Amino acid sequence: MILLTLSYVTNTRNVHSMSQSNLTKSLPNVIVMATGGTIAGTASAGDDGVYQAGEVPVSALIDAVPEASSLANLTGIQIASIGSQDMNDVVWMQLAKELDKHLSNDSVSGAVITHGTDTMEETAFYLNLVVDSDKPVVLTGAMRPATALSADGPLNLYNSVAVAASEKARGYGVLVVANDSIHGAREVVKTNTLSVQTFESPNMGLLGALHFGSFRMYRKPLKTHTTNSIFSIRSIEELPRVVVIFAHSNMNGDLIRAAVEMGAKGIVLAGVGNGNASKLAIAAMAEAREQGVVIVRSTRSSSGAVLRNQEVDDDANGFVVSDQLNPAKARVLLQLGLTQTDDVKTIQEYFWTY
Ligand code: GLU
């Protein structure tokens, strides 16, 4: 644990620091970066699910959980105030660069990022690949707005601060903490539209479990991340356009051709089963590949890997498979991969590695 007698100081605008009484505590310094989402949502009444996401500022989020100040000195930074359905590359860049700057400071122990749950798995995986630090970075959110009965945000935030403040959580890559569970960024998926038990890691299971701030880790990801990733926010300024196309019965190649015409550099297929699609769709993907577009076959199934050359001839068509990455995460890795190369063999290696 890093012992400090002074607060962690930042020149960022929209910064909320802990109260003066906390400044003297010898506690780890944790940055809380807010992006919006239901954890910052408000409803006019506490008994229904109708609410506006992202309205509560980071200062109020921190003040609502005074218990967290016994775990760490908290500094809040407002990055955005959006529902995560509006998360985009521009906010990702800003978030990752700001995060990198603060984690580079020796006096900072870790970071919590509050985020809408809808696309949390994508932001977590993106940060897992571009952040160059082994300090704990924890994404958290809520399924119920702050004003709802039994709001889940406060305990999620408290637990996230506990993890971000702890040396024990170093070296696991970016984490998602929700509903007493600790997930790895590569594995975690939002599985339920309404339930507080929405996050699961269907292929590989949890990394750790929490109980009111105390936690245990049970396993460590072997896939490459953060400090060992070749992708770094220090060298990326923008990401290429990559789209996801959902496979279904009676599918033709029209949307694949439209994506190419609109300038997509990569296409991820949310394929049926083992990343498959109709003959017409596969033919359109092969044509797209001939025009230089990189094609990654993922699956719309909720778990399992997509493997090469099973029903589809990937070698002949120059396709890449996503291994266990779902379409949303495959899109993130393909965007990052295309910042380095358009060689499909190298991009396939990225999918085995990350
Ligand atoms: N659609 C909103 C979002 O992802 C609300 C969902 C949530 O945060 O749980 O930000």
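Just so you know, ligand 1 is whichever comes first in the structure, and atom 1 is the first atom listed for that ligand. This chain uses plain numbering: 1 for the first residue, then up along the sequence. These numbers were taken from a predicted model, which means no experiment stands behind them.
Considering backbone and side-chain atoms alike, T119 places every N or O at 3.5 Å or more from each N or O of ligand 1. At a 3.5 angstrom cut-off on N or O pairs, H115 does not count as close to ligand 1. Residue A142 has at least one nitrogen or oxygen atom sitting less than 3.5 Å from a nitrogen or oxygen atom of ligand 1, judged on distance alone. Between K190 and ligand 1, a contact under 3.5 Å exists for no N or O pair.
The residue from I79, I233, L103 that alone fulfils the side chain to side chain contact (heavy atoms under 4.5 Å, CB included) condition with E98 is I79. Considering D314, V320, V294, T353 as possible partners of Q348, the one that fulfils the side chain to side chain contact (heavy atoms under 4.5 Å, CB included) test is V320. Of the residues listed (T140, L127, I77), the one engaging I113 in a side chain to side chain contact (heavy atoms under 4.5 Å, CB included) is L127, and it is the only one.
Within ligand 1, counting atoms from 1 as listed, the ones closer than 4.0 Å to a heavy atom of Q85 are 1 (N), 2 (C), 3 (C), 4 (O), 10 (O). The T117 neighbourhood of ligand 1 comprises atoms 4 (O), 6 (C), 7 (C), 8 (O), 9 (O), with distances under 4.0 Å to a heavy atom of that residue. The T38 neighbourhood of ligand 1 comprises atoms 5 (C), 6 (C), 7 (C), 8 (O), 9 (O), with distances under 4.0 Å to a heavy atom of that residue.
Using a 4.0 Å cut-off between a side-chain N of Lys or Arg and a carboxylate O of Asp or Glu, R297 and D323 do not qualify as a salt bridge.
The salt bridge (charged side-chain N to carboxylate O under 4.0 Å, His left out) analysis of residues 242-261, with sequence neighbours excluded, yields the pairs D254-R257.
Contact annotation: G36 has no heavy atom less than 4.0 Å from any atom of ligand 1.
By the side chain to side chain contact (heavy atoms under 4.5 Å, CB included) test, N274 pairs with V306, L307, Q310, sequence neighbours left out.
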